[in-house]
Number of protein chains: 2
Amino acid sequence: MEGANEAGRAPRATASLHQRIVADVEGKIVSGEWPPGARIPFEIELCDFYGCSRMTVNKALGRLVDAGLIERRRKAGSFVSRPRSQAAVLEIHDIRAEVAALGLPYRFEITARARRSARSVDLGRIDLAGGAPVLALRCLHFAGERPFCAEDRLINLSAVPEAATEPFEDLSPGAWLVARVPWTDAQHRIGATNAARAVAAVLGIDVGTACLTIERRTWRAGEAITSVELTYPGAAHRLVARFTPTS
Amino acid sequence: MEGANEAGRAPRATASLHQRIVADVEGKIVSGEWPPGARIPFEIELCDFYGCSRMTVNKALGRLVDAGLIERRRKAGSFVSRPRSQAAVLEIHDIRAEVAALGLPYRFEITARARRSARSVDLGRIDLAGGAPVLALRCLHFAGERPFCAEDRLINLSAVPEAATEPFEDLSPGAWLVARVPWTDAQHRIGATNAARAVAAVLGIDVGTACLTIERRTWRAGEAITSVELTYPGAAHRLVARFTPTS
DNA sequence: AAGTGGTCTAGACCACTAC
DNA sequence: TAGTGGTCTAGACCACTTG
């Protein structure tokens with residue numbers, strides 16, 4: 001075919017044509033040349049410009065829709081999106097990896113462990129019926145000699161019965177669960193609290209020190225798997241998130 | 001064509017065929033039926049199964065690659081990805097929207113405003129050469145009668161000269177920037193700090209109260225746009241993030 | 001060497017919607 | 001109603017990688 005020889009295998013071969021179209025249009029948008037709300041060329045115009053078929057242009061523009069950079073309306077055309085809510089991708093690293101990133105040796109200790117039926121105090125933390133069997137764990141993570149993070153976790157033993165007999169010697173409860181139990185949904189709540197006496201004691205900080213708390217609940221197919229509250233000494237820790245374009 | 005009549009316009013018409021293929025494969029993966037590392041059917045096999053052309057299957061699998069659910073290797077086939085790092089999507093709402101979500105009336109006040117050349121103290125906060133013109137703003141956001149969040153912002157006037165004369169009457173500086181300046185990269189740091197006297201005074205809280213701090217820096221094409229530090233009274237605020245599968 | 005995915009085409013029909 | 005995007009096809013060639 002003519003188009004294939006003319007543009008599809010163009011000398012700048014390394015990138016495919018639809019990738020080049022994506023990059024070109026993206027460049028026009030982020031540079032401000034095509035500002036939010038502007039109409040970008042119709043598919044047919046881009047076909048002429050790049051000397052390719054409509055499918056190729058359509059594929060490229062489809063990716064830009066997925067990326068949230070443009071919106072398309074039949075008969076009207078394609079328009080540069082107006083940014084709506086920004087979304088940051090917060091990577092949830094394993095605590096071992098967080099400590100390793102600091103260049104410090106990592107270890108953890110299980111400081112409390114109890115198998116029990118879910119009590120009323122648990123029900124606010126994990127999405128269970130009263131009386132369901134749970135495993136309650138407390139765990140302290142160290143970076144070098146210093147406590148790095150205190151963990152308070154509930155595991156739903158109906159969903160993960162193997163946890164009852166797992167010693168958690170090599171892998172921390174979090175790492176063990178991630179490796180073993182696929183999750184389909186989860187929720188985070190991130191906040192700041194003044195360290196209560198008990199937390200201050202285990203973390204080796206003064207009472208009242210600001211701490212970053214991360215509460216994470218995980219479900220698989222609607223069934224609660226685990227709920228964990230992580231407490232980091234505030235001065236010693238920052239969550240770092242990388243932005244992604246509107247999505 | 002035979003395929004088009006048989007499956008393309010099937011009775012379950014509402015979703016397109018490639019969307020249905022995406023949903024089907026995604027279901028097999030998240031349900032665990034196709035565990036991480038498993039090979040999924042070849043394109044040709046899926047073509048037979050759905051009675052469609054290779055392009056349609058290819059489009060669907062391409063989306064799953066983008067979503068990080070599968071990886072594809074020529075000659076070998078397509079495989080369910082092994083989860084790497086978990087990532088939570090943290091939605092960065094406009095503060096007005098956050099307050100509105102609480103059902104409270106929103107307003108903000110600009111409490112300080114200065115145009116100056118970047119000083120050494122600024123350079124740690126924003127990615128600029130010394131002497132570059134910046135706009136320094138302090139802003140207080142209210143939920144009802146109570147202070148909700150204190151904002152301390154620097155704007156690079158080389159990148160956004162219009163900010164110099166913008167009164168920020170209708171839109172807060174953050175909302176104004178989001179609407180006006182497309183960003184290409186940004187970074188967040190989330191931490192906890194004990195309220196210093198100045199912050200405690202403006203937020204109406206006791207000195208030492210744990211506060212959630214969010215530091216956000218934004219760039220466009222490598223040029224710093226703005227840097228903002230938001231301080232929320234810790235007890236009054238939680239960041240909520242929703243999990244997404246591996247990405 | 002064979003088989004897979006990666007890409008592209010030229011055309012088609014349809015649905016939606018702006019005019 | 002006309003024009004746009006949404007979707008799909010049947011075939012083709014290529015590049016890569018595994019066996």
Quick one: which of [options] gets closest to the side chain of [X]?
X        : options                  : value
Arg54(A) : dT9(C), dA12(C), dT7(C)  : dA12(C)
Ala76(A) : dA10(C), dG6(C), dA18(C) : dA18(C)
Leu17(A) : dC8(C), dC8(D), dG6(C)   : dC8(C)
Arg74(B) : dT7(C), dG5(C), dG6(D)   : dG5(C)
Lys59(B) : dT7(D), dT18(D), dA15(C) : dT7(D)
Lys75(A) : dG5(C), dT9(D), dT17(C)  : dT17(C)
Met55(B) : dG6(D), dG11(D), dT17(C) : dG11(D)

Handout entry: Phosphate contact (dT7(C) OP1 or OP2) by Ser16(A) side-chain N/O below 4.0 Å
Key = yes

Handout entry: Distance below 4.0 Å between Ser53(B) side-chain N/O and dG11(D) OP1 or OP2
Key = no

Practice task
If the plane angle is over 60° it's perpendicular, under 30° parallel, otherwise tilted; pick one for Phe148(A) and Tyr232(A).
Solution key: perpendicular

Exercise for the section: Describe, in one word, how the ring planes of Phe168(A) and Trp176(A) are oriented to each other, choosing from parallel (under 30°), tilted (30 to 60°) and perpendicular (over 60°). Expected result: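 Because their plane-to-plane angle is over 60°, the rings of Phe168(A) and Trp176(A) count as perpendicular.
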
Between [atom2] on [N] and [atom1] on [X], what's the gap in Å once rounded to a whole number?
X        : N       : atom1 : atom2 : result
Arg20(A) : dC8(C)  : CZ    : P     : 11 Å
His18(A) : dG5(C)  : NE2   : P     : 16 Å
Arg72(B) : dG3(C)  : CZ    : P     : 18 Å
Asn58(B) : dC14(D) : CG    : P     : 18 Å
Glu43(A) : dG3(D)  : CD    : C1'   : 12 Å
Leu61(B) : dC8(D)  : CG    : P     : 13 Å
Phe79(B) : dT4(C)  : CZ    : C1'   : 10 Å
Arg73(B) : dG3(C)  : CZ    : P     : 18 Å

Exercise for the section: Determine whether the side chains of Arg217(B) and Ser227(B) contain a donor N or O and an acceptor N or O closer than 3.5 Å. Expected result: no

Handout entry: Short side-chain donor-acceptor distance under 3.5 Å, Arg96(B) and Ser172(B)
Key =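 No donor-acceptor contact under 3.5 Å links the two side chains.
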
Exercise for the section: May I ask you to decide if Ala224(A)'s main-chain N or O and Asn156(A)'s side chain share a donor-acceptor pair within less than 3.5 Å? Expected result: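 Flag set: sc Asn156(A) to bb Ala224(A) pair under 3.5 Å.
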
Practice task
Return the 5'-most residue of the pair Thr56(B), Phe42(A) with respect to DNA chain D, ranking by each residue's nearest nucleotide.
Solution key: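 Nearest nucleotide further toward 5': that of Phe42(A).
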
